[in-house]
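A short worksheet on the structure shown next.
Both counts, for ligands and for their atoms, begin at 1 and track the order of listing.
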Amino acid sequence: EPLIELRDVNKHYGNLHVLQDINLTVGRGEVVVVIGPSGSGKSTLCRTINRLETIGSGEILLDGRPLPAEGKELARLRAEVGMVFQSFNLFAHKTVLANVSLAQVKVRKRGREEADKRSRELLERVGLASQAVKFPAQLSGGQQQRVAIARALAMNPKALLFDEPTSALDPEMINEVLEVMQQLAAEGMTMVVVTHEMGFARSAANRVVFMADGRIIEDRTPEEFFTAP
Ligand code: ADP
Ligand code: ADP
């Protein structure tokens with residue numbers, strides 16, 4: 001059974017049919033890269049998976065269980081799917097360490113010491129062990145995005161969603177973020193990644209999904225996708 005499944009999902013913004021009959025399955029350990037023109041609904045699809053957006057019709061299943069539209073059960077299931085945004089979304093007035101620890105304490109109810117210990121391990125893993133006591137503004141964009149990835153991992157998610165994680169970065173910082181993502185993919189993390197980085201799609205994706213006008217037009221392996229006529 002797939003880890004994430006969308007069945008006949010439809011969503012409108014007024015007259016705009018932003019998601020049209022979306023059917024998508026993401027298996028355990030799979031990396032699905034979503035590409036397509038600007039405005040085609042990629043970001044909306046990504047945000048819909050953990051119900052940051054409501055849907056008009058259809059079903060979203062996590063581990064075979066339907067995601068409810070609201071309530072405690074939604075909060076619990078949503079915490080199992082981490083999200084990394086284009087714009088890092090770190091707390092400016094908190095240290096790097098505190099940013100990674102915060103949700104562990106508030107949501108996972110871990111003790112402060114245990115949370116900080118785990119945060120340090122994760123910062124080490126994304127190559128930022130020495131930056132723990134700095135504030136986000138003292139870090140480069142690439143470093144801030146790696147903090148955001150560490151923060152998402154701190155919740156022990158079953159899957160991670162990435163919405164254009166490198167689009168706000170200077171070119172020289174893109175690779176340091178993609179390398180962390182490559183590593184996660186190699187370790188078997190289930191990932192849905194909206195990106196324009198075709199090198200990442202070729203090397204890390206199990207499937208490439210191409211969207212246009214709110215529809216999934218293609219859903220293929222990278223081999224098929226990049227060699228098709
Ligand atoms: P992509 O990520 O492929 O660029 P988006 O999912 O961000 O596409 O947007 C798809 C379409 O939905 C765009 O036309 C965008 O303007 C529109 N849209 C996105 N969010 C909203 C919103 N909150 N209200 C109205 N329209 C929206
Ligand atoms: P992204 O592609 O990263 O979603 P956008 O600039 O498309 O960035 O959207 C930024 C925010 O504005 C999102 O919350 C989106 O839902 C909202 N938004 C985008 N397009 C519209 C629109 N036409 N009307 C209202 N809100 C929109």
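- Within ligand 1, counting atoms from 1 as listed, the ones closer than 4.0 Å to a heavy atom of Thr44 are 5 (P), 6 (O), 9 (O).
- Residue contacts with ligand 1: Gly36 is excluded, as none of its non-hydrogen atoms falls under 4.0 Å.
- Those atoms of ligand 1 that come under 4.0 Å of a heavy atom in Val18, given as number and element, are 10 (C), 11 (C), 12 (O).
- At least one heavy atom of Pro37 sits less than 4.0 Å from an atom of ligand 1.
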Kindly indicate, with the supporting measurements, whether the criterion salt bridge (Lys or Arg N to Asp or Glu O under 4.0 Å) is fulfilled by Glu121 and Lys117.
CA-CA 6 Å; Glu121 287 166 7; Lys117 180 165 177 283; 3.6 Å; yes
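- At most 12 heavy atoms of other shown residues, nucleotides or ligands fall within 6.0 angstrom of atom CD in Glu70.
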Full working for side chain to side chain donor-acceptor pair (under 3.5 Å) between Glu187 and Gln183:
CA-CA 6 Å; Glu187 289 167 10; Gln183 180 66 32; 2.9 Å; yes
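- The list of ring-ring contact (aromatic ring centres under 6.0 Å, His included) pairs with a residue in residues 177-206, not counting sequence neighbours, is empty.
- Residue pairs meeting the salt bridge (Lys or Arg N to Asp or Glu O under 4.0 Å) criterion with at least one member in residues 101-115, sequence neighbours excluded, are Arg112-Asp116.
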Check against side chain to side chain donor-acceptor pair (under 3.5 Å), Asn156 and Arg118
CA-CA 10 Å; Asn156 298 335; Arg118 171 101 176 111; 2.7 Å; yes
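- When Met211, Lys11, Lys42 are ranked by how near their heavy atoms come to atom 3 (O) of ligand 1, first place goes to Lys42.
- Nearest to atom 11 (C) of ligand 1 by heavy atom, out of Ser167, Gly41, Gly39, is Gly39.
- Heavy-atom contacts of Leu16 reach the following atoms of ligand 1: 11 (C), 12 (O), 14 (O), 17 (C) (cutoff under 4.0 Å).
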